[in-house]
Number of protein chains: 2
Amino acid sequence: MNTYRVAGLTALGDPTRRAIFERLAERPRAVGELAAELPVSRPAVSQHLKVLKQARLVTDRSVGTRRVYQLDPDGLAELRGYLDHFWDQALAGFKAAVEHDPKESK
Amino acid sequence: MNTYRVAGLTALGDPTRRAIFERLAERPRAVGELAAELPVSRPAVSQHLKVLKQARLVTDRSVGTRRVYQLDPDGLAELRGYLDHFWDQALAGFKAAVEHDPKESK
DNA sequence: AAACTTGGTAAGCGAATACTTACCGTTCGT
DNA sequence: ACGAACGGTAAGTATTCGCTTACCAAGTTT
């Protein structure tokens, strides 16, 4: 299908993972801490964090018995790069089409 | 859950929708045209386009019996805005954490 | 107007996946 | 060293969701 491999998009497709992602953007958090704020169980959070980690959207470090997660700029940069890559094409195509045929039919 | 409503992320979470998205970035295309290039049926493409349209990632206009789709800068801008919003926070949190506790355990 | 082209929708099916409970390993405190 | 805190993994279930076939509506052509 010649589609780009953007694991981050698949990862952030899920609302619960977005919620985790957005909380980690605010500040690093431990697993149980995240679970306490979310309407899902702690194992569910663990599983989501695994996906986010594979997408390089988060990193983790152990602090005592706890495991603290935080955002990883790498995956985030990849996501931004992906969108930026299509941004110019989208604008160019948009303008060309509008001038060619202004009447829309939404 | 206080999660941001970013329909675009949910929409682009699917690989087939990404394939459609990426082809429309190249140039506007009709539904059948997309279906011919993809390994899924035309109704499947229609359903995906519906999702992309609701996420304001594409617009459509009718040309004769055909329906031509193209990227919509609005949804794309929203996506970029979403990621940019977390970009600074991620960087700040990342640097602070690294300086605070440099030893990682990947 | 009849036939063809194009595409959206409905219904149904199978696969993916998000969630739960149960269990186990690791680390800290007393 | 024992118990508690913390978190990853396994197994199982239920819902979501992407896909197909069948059908129908709208537009074009001759």
Side-chain angles (χ1 to χ4, degrees), chain A residues 1 3 5-24 27-55 57-70 101 103-106, chain B residues 1 3 5-24 27-55 57-70 101 103-106:
Chain A
M1 215 184 296
T3 303
R5 267 239 159 271
V6 189
L9 280 175
T10 307
L12 290 184
D14 180 72
T16 303
R17 279 196 290 269
R18 271 203 301 278
I20 293 175
F21 173 80
E22 294 167 9
R23 273 164 180 76
L24 292 182
R27 61 176 175 81
R29 277 172 162 88
V31 179
E33 202 173 350
L34 286 167
E37 303 172 352
L38 296 172
V40 296
S41 68
R42 186 191 48 74
V45 172
S46 264
Q47 291 158 11
H48 283 308
L49 285 169
K50 187 177 184 180
V51 175
L52 290 170
K53 188 178 178 180
Q54 287 171 346
L57 284 172
V58 302
T59 59
D60 58 340
R61 61 184 202 274
S62 36
V63 178
T65 75
R66 306 193 315 158
R67 197 143 255 261
V68 176
Y69 284 79
Q70 66 178 67
D101 193 290
K103 49 182 182 299
E104 300 264 314
S105 64
K106 284 197 177 179
Chain B
M1 217 185 295
T3 303
R5 267 243 157 269
V6 189
L9 281 175
T10 307
L12 290 184
D14 179 73
T16 303
R17 278 196 290 268
R18 272 203 299 279
I20 293 175
F21 173 80
E22 293 167 10
R23 272 163 180 77
L24 292 183
R27 60 177 175 79
R29 277 173 163 87
V31 179
E33 201 174 349
L34 287 166
E37 302 172 353
L38 297 172
V40 296
S41 69
R42 185 191 49 71
V45 173
S46 264
Q47 291 159 11
H48 283 308
L49 286 169
K50 187 178 183 179
V51 175
L52 291 170
K53 187 177 178 180
Q54 286 170 346
L57 284 172
V58 302
T59 58
D60 58 339
R61 61 184 201 276
S62 38
V63 178
T65 75
R66 306 193 316 160
R67 197 144 255 260
V68 177
Y69 283 79
Q70 67 178 68
D101 192 290
K103 48 183 183 299
E104 299 263 315
S105 64
K106 284 197 177 181

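Convention: sequence-line order gives letters A, B, ...; per-chain numbering from 1.
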Approximate separation, where rounding is to 0.5 Å, of B/Leu12 CG and B/Arg18 CZ
7.5 Å
Give the minimum heavy-atom separation between A/Val68 and A/Pro28, together with the two atoms involved.
CG1-CB, 3.7 Å
Return the set of residues passing side chain to side chain donor-acceptor pair (under 3.5 Å) with B/Gln47 (not counting sequence neighbours), or none when no residue passes.
none
Let me know the distance between CZ of A/Arg17 and P of D/dT16, rounded to the nearest Å.
16 Å
If the helix axis at each end comes from five base pairs, how far does the helix from C/dA1-D/dT30 to C/dT30-D/dA1 deviate from straight, to 10°?
30°
Sequence-distant partners of A/Ala36, side-chain contact (heavy atoms from CB on, under 4.5 Å), two or more places apart:
none
Note: contacts of residues 40-49 of chain A with DNA chain C (heavy atom, under 4.0 Å) are A/Val40, A/Ser41, A/Pro43, A/Ala44, A/Gln47, A/His48
A/Arg66: partners by salt bridge (Lys or Arg N to Asp or Glu O under 4.0 Å), with sequence neighbours left out
none
Checking B/Tyr69 now: which residues fulfil ring pair (Phe, Tyr, Trp, His ring centres under 6.0 Å) with it, not counting sequence neighbours?
none
Whole-Å distance, A/Arg61 CZ to D/dG7 C1', equals 16 Å
Residue set satisfying side-chain contact (heavy atoms from CB on, under 4.5 Å) with B/Val40, at least two apart, ordered chain then number -> B/Thr16, B/Leu38, B/Ala44, B/Val45
Contact span of DNA chain C against chain A, any nucleotide atom under 4.0 Å from a heavy atom, 5' to 3', runs C/dA18 to C/dC28
Rounded to whole Å, please give me the gap between CG in A/Asp60 and P in D/dG7.
11 Å
Considering residues at least two apart in sequence or located in another chain, which fulfil the side chain to side chain donor-acceptor pair (under 3.5 Å) criterion with A/Arg29?
A/Glu37
Taking salt bridge (charged side-chain N to carboxylate O under 4.0 Å, His left out) as the cut-off, I'd like each qualifying pair that reaches into residues 38-50 of chain B, sequence neighbours left out, listed once.
none
Less than 4.0 angstrom between a side-chain N/O of A/Thr65 and OP1 or OP2 of D/dG7, yes or no?
no
So, taking the atom named CG in B/Leu49 and the one named CZ in B/Arg67, what distance separates them when rounded to the nearest 0.5 Å?
10.5 Å
Sequence-distant partners of A/Ala11, side-chain contact (heavy atoms from CB on, under 4.5 Å), two or more places apart:
A/Arg17, A/Val51, A/Leu52, A/Ala55, A/Leu57
Verify the contact: side-chain N or O of A/Tyr69 to OP1 or OP2 of D/dG8, cut-off strictly under 4.0 Å; return yes or no.
yes
Using whole Å, what does the distance between atom P of nucleotide D/dA5 and atom CD of A/Glu33 come to?
17 Å
Return the value, rounded to whole Å, for the distance between atom CG of A/Asp14 and atom P of D/dT16.
13 Å
Specify the residue among A/Lys50 and A/Arg66 whose closest nucleotide of DNA chain D lies further upstream toward the 5′ end.
A/Arg66
